[in-house]
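Throughout, protein chains are lettered first and strands after them, A, B, ... in sequence-line order, and every chain is numbered starting at 1. What you see below is based on every heavy atom in this structure, not just the backbone, and it leaves out hydrogens, waters and symmetry mates.
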Protein chains: 2
Amino acid sequence: MDLLKLENQVCFPLYALSRMMTAVYQPLLDELNLTYPQYLVMMVLWEHRELSVKDIGAKLLLDSGTLTPLLKRMQEKQLLKRTRSAGDERVVLVTLTQTGLDLKTKAAHIPNAFRCHIPLGDHELLAFKDTLTKLLTKTETTINNN
Amino acid sequence: MDLLKLENQVCFPLYALSRMMTAVYQPLLDELNLTYPQYLVMMVLWEHRELSVKDIGAKLLLDSGTLTPLLKRMQEKQLLKRTRSAGDERVVLVTLTQTGLDLKTKAAHIPNAFRCHIPLGDHELLAFKDTLTKLLTKTETTINNN
DNA sequence: TAAAATTAAATTGTATGCAATTTAATTAAG
DNA sequence: CTTAATTAAATTGCATACAATTTAATTTTA
């Protein structure tokens, strides 16, 4: 068996599916004028009132090279504020504006709207999510124990 | 249950795992001076002697906006040739150079080297690949039947 | 067959990702 | 207490992704 054939790859369908899911989200997110990574940032900030850039990066597995310009664009859209921490001037704290907080109402229908496009039953979808989450966690550990 | 929480998302672990897997490949691909998308292009061209940009896009689910500059970079690295089809001048046909063909030897160890970093047994990995492939295919169909 | 529609790449513009470096602030060590 | 090491963001540079448009070639159709 030729292991260098596309059909024998695990990561190609992972890569392609990830992009396809983002494409499924896009028309829904267009209504909120958000990209998918920006939607993820909104989600962690709806959940946690105030987070540093590092905190957001730890949750989304993104570094400041990605987050700094992304957060600046979100700030330009009046969704959030970025302020230096008083206690530690190295840290930038991010909080949502009222506009950003209010956007959660407009986003409330997105999870269900998205769900409709996924051709999996509830049980399979949950099992799939579990597999992904466990593999993500385990791989993260594996990599860090280098 | 708040469906707008990060932990309740299916697509976040998909998105994060996809990027993490690419990061696992990177040190292996560095030896070949390839990025992950370039590696995928090499793979389809090792398998098929000649492909149009459209063919490559159909296999990798990428459009000419992504592929044209990517293929130009690979051409600059002497990995492939791009020529207009004689029969249909709209079509650009891509074939590997001898250098590109020869690179398969240097790539032969990559699948196994990569496999070592994935904390899953053979059976689970195959099952995971199947799930991904089926969901990719089904979602593709769902989207096209819009 | 000539105009209209379609198709394949390329181009343009914007938004990630990420490696590598830089800057500024804080902490650790001697 | 002062220097060295570390840390958090920002910056720089490069490579995807992808929407939207453009260009050139081919097909369709009236």
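We find that CG of A:L71 is positioned 13 Å from P of D:dT11, with the value rounded to whole Å. Following rounding to the nearest Å, A:M20 (CE) and D:dA17 (C1') show an atom-to-atom distance of 14 Å. Here D:dA15 presents its P atom at 15 Å from CD of B:Q75, a figure rounded to the nearest Å. Across the protein-nucleic acid pair, A:I56 atom CD1 and D:dA10 atom C1' stand 15 Å apart, rounded to whole Å. Rounded to an integer number of Å, the gap from CG of B:L29 to C1' of D:dT16 is 14 Å. Atom C1' of nucleotide D:dT27 and atom CD of B:E89 are separated by 16 Å, given to the nearest angstrom. Taking atom CG of residue B:L62 and atom P of nucleotide C:dA10, one finds them 14 Å apart after rounding to whole Å. Distance OH (A:Y25) to C1' (D:dC18): 19 Å, rounded to an integer number of Å.
In summary, the side chains of A:Q9 and B:K129 do not present any donor paired with an acceptor at a separation below 3.5 Å, with no hydrogens or angles considered. No donor-acceptor contact under 3.5 angstrom links the side chains of B:S85 and B:D88, judged on distance only.
Heavy-atom neighbours of B:K77 NZ from other residues, nucleotides or ligands within 6.0 Å: above the threshold of 12.
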Which pairs, protein N/O on one side and nucleotides 14-16 of chain C N/O on the other, fall under 3.5 Å?
from: C:dT16; atom 1: OP1; to: A:T35; atom 2: OG1; distance (Å): 2.7
from: C:dT16; atom 1: OP2; to: A:Q38; atom 2: NE2; distance (Å): 2.6
from: C:dT16; atom 1: OP2; to: A:R73; atom 2: NE; distance (Å): 3.0
from: C:dT16; atom 1: OP2; to: A:R73; atom 2: NH2; distance (Å): 3.2
from: C:dT16; atom 1: O5'; to: A:R73; atom 2: NH2; distance (Å): 2.9

Between the protein and nucleotides 7-9 of chain D, list the N/O to N/O atom pairs that are separated by less than 3.5 angstrom.
from: D:dT7; atom 1: O2; to: A:R90; atom 2: NH1; distance (Å): 3.0
from: D:dA8; atom 1: OP2; to: A:K54; atom 2: NZ; distance (Å): 3.2
from: D:dA9; atom 1: OP1; to: A:V53; atom 2: N; distance (Å): 3.2
from: D:dA9; atom 1: OP1; to: A:V92; atom 2: N; distance (Å): 3.4
from: D:dA9; atom 1: OP2; to: A:K54; atom 2: N; distance (Å): 2.8

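Using bins of under 30°, 30° to 60° and over 60° for the plane-to-plane angle, the ring pair A:Y39/A:Y25 lands in the tilted bin.
Taking both residues in full, the closest heavy atoms of A:P13 and B:T133 are given as CG-OG1, 3.9 Å, listed atom of the first, atom of the second, then distance.
A salt bridge is defined here as a Lys NZ or Arg NE, NH1 or NH2 lying under 4.0 Å from an Asp or Glu carboxylate O, and B:K104 with A:D2 meets this definition.
Residues B:L126 and A:F12 are members of separate hydrophobic clusters, defined by side-chain heavy-atom contacts under 4.5 angstrom among Ile, Leu, Val, Met, Phe, Trp and Tyr. Hydrophobic clustering (ILVMFWY, side-chain heavy atoms < 4.5 Å, transitive): A:L101 and A:L80 are in one cluster. Clustering ILVMFWY residues whenever any of their side-chain heavy atoms sit less than 4.5 angstrom apart, transitively, puts B:M43 in the very cluster that holds B:L28. Following chains of ILVMFWY side-chain contacts shorter than 4.5 Å, one can reach B:L6 starting from A:L125, so the two form part of one hydrophobic cluster.
In terms of phosphate contacts, A:K72 brings a side-chain nitrogen or oxygen within less than 4.0 Å of OP1 or OP2 of D:dT11.
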> Pairing of DNA chain C as dot-bracket, 5' to 3': ( ) intra-strand, [ ] crossing, | other strand, . unpaired, with Watson-Crick or G-U pairs under 3.5 Å?
Replying inline: ||||||||||||||||||||||||||||||
>> Please evaluate residues B:L17 and A:E140 with respect to the criterion side chain to side chain contact (heavy atoms under 4.5 Å, CB included), reporting the C-alpha separation (whole Å), side-chain torsions for both, the decisive distance (0.1 Å), and the verdict.
In response: CA-CA 9 Å; B:L17 187 61; A:E140 215 177 338; over 6 Å; no
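Toward the 5' end of DNA chain D, the nearer of the two residues B:G87 and A:L67, judged by each one's closest nucleotide, is A:L67.
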